[in-house]
Amino acid sequence: DTRETQAHFERTIGRDQRIEPRDWMPDKYRATMVRQIAQHAHSEIIGMQPEGAWITRAPSLRRKAILLAKVQDEAGHGLYLYSAAETLGADRSDLTAKLISGGQKYSSIFNYPTPTFADVGVIGWLVDGAAICNQVPLCRSSYGPYARAMIRICKEESFHQRQGYELLMTLMRGTGAQREMVQDAVNRWWWPSLMMFGPPDADSTHTAQSMAWKIKRHTNDELRQRFVDMTVPQADALGVTLPDPDLRWNEERGHHDFGEIDWSELKRVISGDGPCNAERIERRRKAHEDGAWVREAAAAYAAKHSDSGRE
Ligand code: FAQ
């Protein structure tokens, strides 16, 4: 009976236990999970493009091997997450169609260009750093398949963050021009990285409900603050300046204060008007269309080997 299943759901959440695919869940919980997991999967897949552009131009065999491994990891995360969305009844080809048509979102951060190799390092340091900050608490998210996927994903993101930081340390030990290249990339990526955490809590549509359902464990602003506090000493160690004159330690709060984020920029980029939105989607659409023959061949093969195919 519905009231009993609803009570079971509430009890499971209340006890910090996991909701599993076969459990009853409110329609809105299911829709929220599909939305977040699909956006997350799309981000991983679109997120291959900015750095992928440097694979053929990496400055050494070692850098190329590292970058190739990292970009392949992102593909793996995307596939993992699409599988998690499927446990909720979502259809993968439908999700891809929605990404390409603009019906579903992906992270704003992947709509910025990567003009220099220092961008590869800064994406690893700041973008993967922000991703870790956001995703480690998601290992305790209430939906079982999503939370479990996060464990492996976070381990791989940690490798990504370290390779980025190590790349930047190498550049900082290099020539003046190399150090300038790093500082320029930091100047371009710092604010967009802070925007990855989403709108401020007061403007966040989903935070209250997602916190109540323990899908999210912290608010957008809490995680953004954690990221700033974590990153400032890393910037010092690296010898770069974060481009915010208002950034300073606040003894009373025990946190860093930081300047006002340009929320109109986040809105613009989310609504499709960032520097690379059109290019990213077009590339994804073309890759999908170019892969049509593989899907057709796989479907024909599967049909041939299914029971109906054998009749
Ligand atoms: N970009 O009410 P909220 C990675 C949307 S890391 C675009 O606060 P919520 C690793 C939001 O969807 C990046 N849209 O929403 C990697 C909602 O719109 P809707 C991916 C954004 O869900 C590294 C509206 O604004 N990580 O890929 C953004 O409670 C390097 C209102 O926002 C994840 O997806 C944004 N930045 O909180 C790969 C983590 N922020 O759906 C390659 C999982 C907000 O109503 C290379 N997701 N919106 O139309 C989350 O933790 C949450 O979904 C948040 C947003 C925190 C992103």
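In each ligand, atom 1 is the first atom listed, and ligand 1 is the first ligand listed.
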Note: ligand 1 atoms sitting under 4.0 Å from heavy atoms of Q135 are 6 (S), 26 (N)
Is there a donor-acceptor contact under 3.5 Å linking the side chains of T207 and K216?
yes
Note, C154 side chain near I132 side chain (heavy atom, < 4.5 Å):
no
Looking only at protein heavy atoms, which one is nearest to atom 14 (N) of ligand 1, and what is the separation?
I270 CD1, 3.4 Å
Closer than 3.5 angstrom, by distance alone: can the side chain of E74 be matched with the main-chain N or O of V71 as a donor-acceptor pair?
no
At a 4.0 Å threshold, what atoms of ligand 1 neighbour a non-hydrogen atom of E51?
46 (C)
S210 versus ligand 1: do any nitrogen or oxygen atoms come within less than 3.5 Å of each other?
no
Which residue and heavy atom of the protein sit nearest atom 41 (O) of ligand 1, plus the separation:
Q39 NE2, 2.8 Å
Ignoring hydrogens and angles, tell me if any N or O in the side chain of T114 forms a donor-acceptor pair with the backbone of E51 under 3.5 Å.
no
Would you say that K70 contacts E156 through its side chain, given a criterion of any heavy-atom pair below 4.5 Å between the two side chains?
no
For side-chain contact (heavy atoms from CB on, under 4.5 Å), just list the numbers for Y106 and I281, CA-CA rounded to whole Å, side-chain angles, deciding distance to a tenth of an Å, and then say yes or no.
CA-CA 10 Å; Y106 61 91; I281 288 293; 3.8 Å; yes
With salt bridge (charged side-chain N to carboxylate O under 4.0 Å, His left out) as the test, would you mind laying out the steps for E4 and R11 before giving the verdict?
CA-CA 10 Å; E4 184 43 41; R11 261 199 316 276; 3.7 Å; yes
If the cut-off is 4.0 Å to any non-hydrogen atom of G47, which atoms of ligand 1 fall inside it?
42 (C), 46 (C)
Would the Y82 and H42 ring centres measure less than 6.0 Å apart?
yes
What I want to know is whether D128 and ligand 1 share at least one N or O pair that is separated by under 3.5 angstrom.
no
Atom 1 (N) of ligand 1 has as its nearest protein heavy atom S108 N, 2.8 Å
Can an N or O of E157 be found at a distance shorter than 3.5 Å from an N or O of ligand 1?
no
For the CG atom on D27, are there more than 12 heavy atoms of other groups (residues, nucleotides or ligands in this structure) within a distance under 6.0 Å?
no
Look at ligand 1 and say whether M48 reaches it with a heavy atom at a distance under 4.0 Å.
no
Evaluate K216 for polar contact with ligand 1, using N/O atom pairs at a separation under 3.5 Å.
yes
If you measure every N or O of H206 against every N or O of ligand 1, does any of those distances drop under 3.5 Å?
yes
Considering the heavy atoms of S204, write down every atom of ligand 1 situated less than 4.0 Å from one of them.
2 (O), 3 (P), 8 (O)
Describe, in one word, how the ring planes of W190 and F227 are oriented to each other, choosing from parallel (under 30°), tilted (30 to 60°) and perpendicular (over 60°).
parallel
Going by the atom numbers of ligand 1, which of them fall below 4.0 Å from some non-hydrogen atom of Y106?
1 (N), 7 (C)
For D201, is there any backbone N or O sitting under 3.5 Å from a side-chain donor or acceptor partner on S204?
no
For Y146 and ligand 1, does the shortest N/O to N/O distance drop below 3.5 Å?
no
Can you find a protein heavy atom closer to atom 31 (C) of ligand 1 than 4.0 Å?
yes
For K70, is the nearest heavy atom under 4.0 Å from an atom of ligand 1?
yes
